[in-house]
K.L.:
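Right, I'll just put the structure down here and ask away after.
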Amino acid sequence: MRSFIKLTGCLAAAGALASCQSVTEVANYQVVPLPQQIVTAEQGSPFVLKSGVKIVYPQGNEDMLRNAQFLAEYLKTATGKDFAIEEGTEGKNAITLAIGQVSDNPEAYQLKVTADGVSITGSTAAGVFYGIQTLRKSLPIALGADVALPEATINDAPRFGYRGAHFDVSRHFFTVDEVKSYIDMMALHNMNRFHWHITDDQGWRIEIKKYPKLTEVGSMRDETVIGHNTGKYDGKPYGGFYTQEQAKEIVKYAADRYITVIPEIDMPGHMQAALTAYPELGCTGGPYKVWTMWGVSDNVLCAGKDSVLTFIDDVLTEIMDIFPSTYIHVGGDECPKTQWEKCPDCQKRIKALGIKGDKKHSKEEYLQSFVINHAEKFLNAHGRDMIGWDEILEGGLSPNATVMSWRGIKGGIEAAKQKHDVIMTPTDYLYFDYYQVKDTKNEPEAIGGYVPLEKVYGFDPLPEELTPEEHKYIIGVQANLWTEYIPTLSQAQYMVLPRWAALSELQWTTAAKDYDGFLSRLSRLRHWYDAEGYNYCKFVFQTPEQGEAPAADGEPQGEAK
Ligand code: ACM
Ligand code: ZN
């Protein structure tokens, strides 16, 4: 970071040079994610961010007041100084927030810096928020210093409307405050969709009032397997859940940061915790135990029982009440069909529906489509849209389903060809529970695999197999964080940072790839990680003597799914 001693003004005013020298740092607009257009003036004078600068927002606009408060908080972190917030439209010696940027994109903004002041004008308050994030990240962390902002105009808008991060809170539980911290980290990376995986075999984590045992029983496991299903267990009961009020608090916290929480109720597989609470919903009737090991359980919802369809409707009804998101995720992944093959109720349903297996799919795979179709119809009837993992392609896609392509990009390609919306989240680029360095000896234990930063950065979310018309169905990109081996927030931070930085560039910017340029931008973003107290993987920042970053040529390995 460049810095210089500011002399002008001091000399003229007083002559007491030593006492009025102030170190002035210089802002740098080359941030992560890289804005679409940065135009700097050749000979303009900078605006100096120093004590006395005001933050101005439109009168009576609560969203913009909140934006102003975020900006003041970020400026305090960067400079250590307090900046006053005022209503109005006056722009002298101020950072003026406004709505009115003309754009089809609701998240667009313009950030303009002149010697007199800074303006951030969004097409909506969300656009202003992203302008604030860019301004924030352009600042050095320099407590007590003034900051010179070079004259510039930045015109920016995201490439994708869906910019997601996923968090599994079933395998390990994270407190409300920890989830909020995860959301703050998302905001720093301009992300806007929080995919919250709140149910699974190892713990049901959301209160459902009509089925109280889901949390009374299903949120606690007796113990947890040690390591990679070693057969040894820690002997410690483990659990936790969110009340509906707490979940709503998180929804509000995220919404204040322009992030939509998309809950996932994973069905019909990954339901062993729910079956422990309500064994009658399974094919065998149990008894079941909240799972204490990792993997894919054979115990799934019975697709033949009407009570299961009622359960799905009831749970989704309460979920829709908690989560205003248009999208509700119903999972659909990794549902073994072994019990359905033997279950009289499931086979009766197959017969009643006239389902026949064919070369493409077994009759049980078509039965899975029946369950997912049921969930989708219910959601659609309530004005919501369904997302499912790419297994929902097997047995035929529900009419309006959005597909999350995780087993590579094949499912995404197939869904886009069928004119369905797609979110790209392939394991070999965007599973951040995988290792990020090759030498894993000194790394926290992970599920396996190898997804280094450079590989993430190099991912192309728009496959060349698709036409430009079909590319329009790729609505977004997301990274996933499964937490079997991630028991703490600090470790979760370590796994996603700095890979989220590369992800955010995929999600936001259309600029040609330039990994060295990205690394140089990242070297400044890391100061924000430090300032916010985030743990992150430092491997990519190491000097050659400390060991260079590995080439991005590894393939996922080990037990990673
Ligand atoms: C998944 O990773 N099972 C979607
Ligand atoms: Zn059954």
Side-chain angles (χ1 to χ4, degrees), residues 164-168 170-171 195-202 262 264-271 274-275 278-286 288 291 294-309 311-312 329-353 355 363-364 366-368 370-372 374 387-394 402-412 422-434 446-449 451 478-486 556 559-561:
H166 155 286
F167 199 19
D168 165 15
S170 172
R171 275 51 177 267
H195 173 173
W196 202 16
H197 185 85
I198 41 178
T199 66
D200 216 303
D201 297 313
Q202 293 84 359
I262 299 173
E264 181 188 354
I265 304 296
D266 203 345
M267 65 179 81
H270 290 279
M271 273 282 174
L275 294 181
Y278 297 97
E280 63 274 20
L281 300 176
C283 289
T284 65
Y288 306 97
W291 221 17
W294 314 128
V296 177
S297 168
D298 282 336
N299 295 315
V300 303
L301 288 178
C302 175
K305 297 192 171 88
D306 289 343
S307 59
V308 165
L309 302 180
F311 171 77
I312 290 171
H329 202 307
V330 299
D333 61 321
E334 299 179 319
C335 178
K337 310 294 189 294
T338 45
Q339 294 186 352
W340 290 3
E341 284 160 12
K342 294 188 216 120
C343 170
D345 290 325
C346 287
Q347 292 303 318
K348 203 162 123 204
R349 174 89 73 200
I350 284 171
K351 231 192 201 143
L353 293 170
I355 293 174
K363 52 192 195 323
E364 285 76 19
Y366 286 115
L367 184 61
Q368 157 134 347
F370 160 78
V371 176
I372 296 293
H374 174 89
I387 303 181
W389 299 108
D390 59 38
E391 284 93 332
I392 65 170
L393 281 153
E394 294 161 7
T402 293
V403 172
M404 214 166 241
S405 188
W406 72 281
R407 297 174 300 176
I409 57 171
K410 250 187 14 264
V422 170
I423 297 148
M424 284 296 190
T425 177
T427 52
D428 38 0
Y429 292 92
L430 297 173
Y431 265 43
F432 291 176
D433 53 335
Y434 287 15
I447 195 164
V451 177
Q478 173 176 296
N480 297 338
L481 193 70
W482 302 99
T483 59
E484 289 93 334
Y485 304 95
I486 304 177
E559 65 155 285
K561 49 195 177 174

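In this text the structure is predicted, and so the values were computed from the model without any measurement. In listed order, ligands and their atoms are each counted from 1.
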K.L.:
For Thr425 and Tyr429, does a side-chain donor sit closer than 3.5 Å to a side-chain acceptor?
P.N.:
no

K.L.:
Give a yes-or-no answer on whether the side chains of Gln478 and Asn480 include a donor-acceptor pair shorter than 3.5 Å.
P.N.:
yes

K.L.:
Please tell me whether Glu264 and Trp389 have a donor and an acceptor in their side chains that are separated by less than 3.5 angstrom.
P.N.:
yes

K.L.:
We want to know whether Glu364 and Gln339 form a side-chain donor-acceptor pair, criterion being a heavy-atom distance below 3.5 angstrom.
P.N.:
no

K.L.:
Just checking, is any N or O donor in the side chain of Thr199 or Asp266 under 3.5 Å from an acceptor N or O on the other one?
P.N.:
no

K.L.:
Purely on distance, is any nitrogen or oxygen of Asp333 under 3.5 Å from one on ligand 1?
P.N.:
yes

K.L.:
State whether the side chain of Arg349 and the backbone N or O of Gly304 hold a donor-acceptor pair below 3.5 Å, judged by distance alone.
P.N.:
yes

K.L.:
Between Trp389 and ligand 1, does any nitrogen or oxygen pair lie at a separation below 3.5 Å?
P.N.:
no

K.L.:
Number the atoms of ligand 1 from 1 as they appear, then name those within less than 4.0 Å of a heavy atom of Glu334, with their elements.
P.N.:
3 (N)

K.L.:
Compute the shortest N/O to N/O distance between Tyr431 and ligand 1 and return yes if it is under 3.5 Å, no if not.
P.N.:
yes

K.L.:
Going by the order shown, which atoms of ligand 1 are within less than 4.0 Å of some heavy atom of Trp482?
P.N.:
1 (C), 2 (O), 4 (C)

K.L.:
Give a rough value, rounded to 10 degrees, for the angle at the Zn ion (ligand 2) between atoms SG of Cys283 and SG of Cys346.
P.N.:
110°

K.L.:
Report the part of Met404 in contact with ligand 1, treating N, CA, C, O as backbone and CB onward as side chain, heavy atoms under 4.0 Å; options are side chain, backbone, both, neither.
P.N.:
neither

